[in-house]
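Bear in mind the structure is a predicted one, so any value in this text is a computation, not a measurement.
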Amino acid sequence: MLTGCAPPAEDSHRITYWASNQGKSSEQDLRILGEELAKFTERTGIEVDVEVIGWSDLLNRILGAATSGVAPDVVNLGNTWAASLQATGAFVPFDDRLLERFGGRDRFLDSSMSSTGMPGQPPSSLPLYGLSYGLFYDKARFAEAGIDPPRDWQEFLAAAKRLTDPARDRWGLTIAGASYTENAHFAFMFGRQQGTHLIDEHGNATFTSPEAVAAVQQYIDLMGAEGVVSPDDAEEGSSSGAASDFTNGKAAMLIAQNSVIPTLQENGMPDDAYGVVPLPVPDPLPPGGRAVRSHVAGSNVAVFADSPRREQALELVEFLTSAEEQAILNDKYGTLPVVEDAYDHPAFQTPKNQVFREVLATGSETVPMIPNEAHFETTVGAAMRDLFAEVATGRRVGAAEVREALSDAEQKMRGSGG
């Protein structure tokens, strides 16, 4: 049942759950979740009304629920928003005593737990689905060109150029240039490689530093100066959409999170037709740069503090984070378990999942867990989206144009108190 409203307070056997869109479509999510939540209802007698919400709407929906008082009982959230949403005070804090109910802090992956709220405070959410970035490459295209998977950024660019043929509408890489969240993720990752966070230790925007400008330009140049990305990608709003260009042969490479794997399968691309390697980084790195190949990505789950069905809501969180369900759900979604005791499942022993697991554990950094992080994503991500749109029209976008766009984003960030 789809619903955006909480059930009557007296109905203690029915709760509402806003689930993030993890699969190819909300219909697929409802099928996957429906099967698993039926088990939960059978075991507990608690029925769950699920609404699947797309990523482009989820943050605003949660913020609206936090301020209006009309909220679900349980909600999924992007883990990069954890501190921003914690600042609203709308969610149940998982202090050490409550965490024991879920097996304790040490049961969860350290990297995933680092993205559950502000440092020094009890987390206001728990990890649910683990994600990291990797470089997907078409084995046949690489074999035809006689090249190996790239080990650093220079080899990546060389491969992308060799595999690009605009006259045949064939490109080295496909991206989701219209996705503000994807854009912001790359700004963070490339920023860390350049030696900056784009946000200082006080939460202030530093979007116009030379390192920040270089990081954003590095991504924009893939469509612009380097010319290895189709101008059409300026209108692509999701990694799942970009994946279609990868599976149909239009693009030879795709930088995406592991959750895209089910989409590749559904699009008819055999598992042995593509490989995955960690995201290449510059070699040598710029001064102060770090070999960050992903942010600590994934989705968390939280309980609204005002829910009159808090105990039932916590039971659902307990179910979703159990070893059994972590293995089942993450296998179906192509994501990674966030609890150590789920990794015995064979699905997470494959070479591809080992790459993503290693990147998540050792090659990822947590975005700044500060209250205005979500506004960083919307301002910088939107600025990059607009820059891609400019490139797609044939306009040259260099450092000056990138700096101007980031200056506007910085002013918007500061205007919001960041």
Side-chain angles (χ1 to χ4, degrees), residues 2-6 16-23 25-26 29 50-92 112 115-118 123-129 131 176-188 198-199 203 205 207 237-241 257 259 295-307 333 335 366-386 409 412-413 415-418:
L2 297 180
T3 178
C5 302
T16 55
Y17 175 30
W18 285 1
S20 52
N21 178 200
Q22 298 293 143
S25 65
S26 58
D29 283 320
V50 184
E51 180 177 359
V52 177
I53 302 175
W55 286 105
S56 60
D57 299 319
L58 184 57
L59 179 58
N60 285 335
R61 289 284 301 274
I62 296 173
L63 289 171
T67 56
S68 70
V70 181
D73 301 293
V74 181
V75 65
N76 288 2
L77 54 103
N79 64 0
T80 59
W81 310 333
S84 300
L85 293 175
Q86 184 175 27
T88 67
F91 301 99
V92 171
S112 296
S115 294
T116 54
M118 287 182 276
S124 59
S125 58
L126 289 182
L128 183 60
Y129 305 121
L131 293 167
S179 168
Y180 80 85
T181 52
E182 285 288 298
N183 291 338
H185 295 165
F186 283 98
F188 172 77
L198 279 81
I199 301 175
F207 301 165
S238 71
S239 57
S240 293
Q257 296 172 5
S259 57
H295 71 293
V296 175
S299 301
N300 293 353
V301 61
V303 173
F304 274 88
D306 288 341
S307 169
Y333 281 134
T335 46
T366 306
V367 299
M369 285 287 107
I370 53 174
N372 57 358
E373 195 286 330
H375 206 55
F376 153 72
E377 291 193 21
T378 56
T379 53
V380 170
M384 294 169 71
R385 176 198 64 206
D386 294 343
K412 292 175 182 176
M413 182 85 166
S416 72

Is there a donor-acceptor pair closer than 3.5 Å between any side-chain N or O of [X] and the backbone N or O of [Y]?
| X | Y | value |
| --- | --- | --- |
| Ser84 | Ala374 | yes |
| Asn21 | Gly23 | yes |
| Ser125 | Thr116 | yes |
| Thr16 | Asp73 | yes |
| Asn372 | Met413 | no |
| Thr67 | Gly64 | yes |

* To do: Output all residues satisfying ring-ring contact (aromatic ring centres under 6.0 Å, His included) with Tyr333, sequence neighbours left out; order by chain, then residue number.
  => Tyr129
Value rounded to 0.5 Å, distance of [atom1] in [X] from [atom2] in [Y]:
| X | Y | atom1 | atom2 | result |
| --- | --- | --- | --- | --- |
| Leu126 | Ser299 | CG | OG | 13.0 Å |
| Ser179 | Arg385 | OG | CZ | 10.0 Å |
| Ser20 | Arg61 | OG | CZ | 13.0 Å |
| Thr378 | Trp81 | OG1 | CH2 | 10.5 Å |
| Gln86 | Ile370 | CD | CD1 | 13.0 Å |

* Got Phe376 and Thr80 here, is their nearest side-chain heavy-atom distance under 4.5 Å? -> no
* Asked: Quick one: does Thr379's side chain get under 4.5 Å of Tyr180's, heavy atoms only?
  -> no
For [X] and [Y], work out which heavy atoms get closest and say how close.
| X | Y | result |
| --- | --- | --- |
| Tyr17 | Leu128 | OH-CD2, 4.0 Å |
| Phe188 | Pro368 | CE1-CD, 3.9 Å |
| Pro371 | Met118 | CG-SD, 3.8 Å |
| Ser124 | Ala302 | O-CB, 3.5 Å |
| Ala383 | Ala409 | CB-CB, 4.2 Å |
| Gly237 | Ala176 | C-CB, 4.3 Å |

* Determine whether the side chains of Asn300 and Asn79 contain a donor N or O and an acceptor N or O closer than 3.5 Å. =>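 There is no such pair between these side chains.
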* Quick one: do the Ser239 and Gln257 side chains pair a donor with an acceptor below 3.5 Å? -> no
* Between Phe91 and Ile62, is a side chain to side chain contact (heavy atoms under 4.5 Å, CB included) present by the stated rule, with each step listed? -> CA-CA 11 Å; Phe91 301 99; Ile62 296 173; 3.8 Å; yes
* To do: Decide side chain to side chain contact (heavy atoms under 4.5 Å, CB included) for Leu77 and Leu59; before the verdict, give the C-alpha distance in whole Å, the side-chain angles of both, and the deciding distance to 0.1 Å.
  => CA-CA 7 Å; Leu77 54 103; Leu59 179 58; over 6 Å; no
* **Check against side chain to side chain contact (heavy atoms under 4.5 Å, CB included), Phe186 and His295** => CA-CA 9 Å; Phe186 283 98; His295 71 293; over 6 Å; no
* To do: Please indicate whether Asp386 has more than 12 foreign heavy atoms, meaning atoms of other residues, nucleotides or ligands, lying under 6.0 Å from its CG.
  =>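 More than 12 heavy atoms, drawn from other residues, nucleotides or ligands, come within 6.0 Å of this atom.
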